[in-house]
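The structure under discussion appears below in the form of C-alpha cells.
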Amino acid sequence: VRHFVRDAVRKDVGLAAGLLRLHFHDCFVQGCGRARVMHACRAATGPGEQRAPPNLTLRPSAFKAINDIRDRLERECRGAVVSCSDILTLAARDSVVATGGPEYRVPLGRHDSPRFATPQDVLSGLPAPTSAVPSLLDVFHNHSLHLDFTDLVALSGGHTVGLGHCASFEGRLFPRPDLLRRLRRTCPAKGTDARTVLDVHTPDVFDNKYYVYLVNLEGLFVCCQDLFTIVERLARSQRYFFSQLGASITTGKSRFPVC
C-alpha cells in the first residue's frame, strides 16, 4: 500500500487529499472502519452512499486507487482476506506521509460492512463545512469517539492539503478584504462550480500552515475558522470564558464530574 500510494502521489499530488477525504467520509457515516462508501471496493458508481450530495465531489481517482491497491494485494497475498476498510485507512496514512506529514501506526483487522448507508445516513453523519465547533463535537460524540477539543483541532489540520468547492464557503463573511476579493474572483457568482486550494502557499505539502491561516483569519470553512474564533473569544473576554466554562461543565459534555 505504501509503495502504491507513494508512486501514485508522485504522479498526481492531488490524490493524497482525495484519499484522505475518502477515508474521512467513510469513517463518519455509521462509524469508522466499514468501507461502505467503496461499495465493496468494486463499484464505479455505488448505491445510495456514493450518490449522496456530500460524496459527489469525492475524487474518482481515489476510488480507483483503492480498487487498484486491492487488486495488487489479492495478487500478492493469495488466499488472504484484506478488507477495503484497512486499505482505506492505510492509504490515508500513507498519503499524509507522502506529502510530508507524520508517520503514525495503523492497527489492522477491520471488517467491511455488508450493509450500505443511505443518502440520509450520509447527510446526518458527515459534518458540513458550515458546522460550528459544538456541532463538530456532537458528531464525535454521536459516533462514540471520545475526542476532545484538542483532538478536533488536530484532526482538522488535514485541511492543509486539498481543494475547497465554492458551494462550501460562498455564504461566509470573510473579515479579511484581500481574502474576500481573491475568493470572489474564484467564485464570481453563487453556485459557481469552481474550486480553490485550502492552503495558498503550500497546497501540496502536509504542514502546519493551516493553523497559521486560522490565526490570520484566513480559514476557508466555517468549521475551521470557528476553532480559532472560540479560543480568541475566550482570550479576549474573561466574562465570556467564565460563562462558557459553567455552561460546558453543566451540559455534561466535558470530562469534569458534575456534583
Side-chain angles (χ1 to χ4, degrees), residues 1-29 32-46 49-52 54-78 80-113 126 154-165 168 193-210 220:
V1 176
R2 170 69 59 87
H3 292 163
F4 182 98
V5 171
R6 181 191 61 199
D7 294 343
V9 169
R10 283 175 180 171
K11 298 173 184 176
D12 175 16
V13 70
L15 178 63
L19 288 170
L20 190 60
R21 186 173 180 232
L22 183 60
H23 176 51
F24 166 77
H25 277 232
D26 178 67
C27 182
F28 274 83
V29 179
C32 299
R34 295 300 179 182
R36 283 170 303 275
V37 72
M38 286 301 302
H39 189 36
C41 279
R42 294 302 178 201
T45 56
E49 186 163 2
Q50 285 191 17
R51 293 196 296 269
N55 289 339
L56 293 176
T57 55
L58 292 172
R59 286 177 181 255
S61 60
F63 286 104
K64 182 179 185 303
I66 298 299
N67 281 324
D68 290 345
I69 294 171
R70 174 67 176 268
D71 291 340
R72 178 176 293 190
L73 284 170
E74 287 182 345
R75 290 195 302 269
E76 296 292 333
C77 311
R78 296 185 182 277
V81 177
V82 183
S83 69
C84 292
S85 181
D86 274 348
I87 295 173
L88 268 173
T89 308
L90 287 168
R93 188 272 310 276
D94 295 337
S95 294
V96 170
V97 173
T99 49
E103 174 83 52
Y104 55 90
R105 294 188 63 189
V106 173
L108 302 177
R110 297 164 186 80
H111 296 279
D112 294 334
S113 173
L126 279 171
L155 291 172
S156 73
H159 288 105
T160 189
V161 293
L163 301 170
H165 295 258
S168 300
D193 186 21
R195 301 173 296 176
T196 186
V197 293
L198 300 177
D199 178 340
V200 176
H201 298 290
T202 56
D204 299 325
V205 179
F206 202 98
D207 54 24
N208 73 333
K209 295 298 188 295
Y210 158 82
L220 199 61

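When a residue number appears, it is its place in the shown sequence, counting from 1. These numbers come from the heavy atoms of this one structure, side chains and all, not from hydrogens, waters or symmetry mates.
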Donor-acceptor contact present, side-chain R93 to main-chain R105, <3.5 Å: no
Set of residues satisfying salt bridge (charged side-chain N to carboxylate O under 4.0 Å, His left out) with respect to R75, sequence neighbours excluded: none
Residue pair V97 / P102: nearest heavy atoms and the distance that separates them: CG2-O, 3.6 Å
More than 12 heavy atoms of other groups within 6.0 Å of R72 CZ: no
Heavy atoms of other groups near R59 CZ, more than 12 under 6.0 Å: yes
Polar side-chain atom of R21 near backbone of T57 as donor-acceptor pair, under 3.5 Å: yes
Rounded distance (nearest 0.5 Å) linking atom CD1 of I87 with atom CG of D68: 10.5 Å
K209 to D199 - nearest heavy-atom pair and separation: CB-OD2, 3.6 Å
Evaluation steps, side chain to side chain contact (heavy atoms under 4.5 Å, CB included), between I69 and V5: CA-CA 9 Å; I69 294 171; V5 171; 4.1 Å; yes
Non-hydrogen atoms of L19 and A62 that approach each other most closely: CD2-O, 3.7 Å
More than 12 heavy atoms of other groups within 6.0 Å of E103 CD: yes
Flag, side chain of S83 to backbone of R110, donor-acceptor distance under 3.5 Å: yes
Interatomic distance, L88 atom CG to I66 atom CD1 [nearest 0.5 angstrom]: 4.5 Å
Test item: T99 side-chain N/O and D204 main-chain N/O as donor-acceptor pair under 3.5 Å: no
Side chain to side chain contact (heavy atoms under 4.5 Å, CB included) between V96 and V161, intermediate numbers included: CA-CA 9 Å; V96 170; V161 293; over 6 Å; no
Atom pair CZ/CG of F4 and L90 - distance to nearest 0.5 Å: 13.5 Å
Stepwise side chain to side chain contact (heavy atoms under 4.5 Å, CB included) test for L198 and Y210: CA-CA 8 Å; L198 300 177; Y210 158 82; over 6 Å; no
Nearest non-hydrogen partners of A8 and L15, listed with the distance: CB-CD2, 3.5 Å
Distance-minimising heavy-atom pair for S95 and A16: CB-O, 3.5 Å
Closest heavy-atom pair and its distance - G109, D86: N-OD2, 2.9 Å
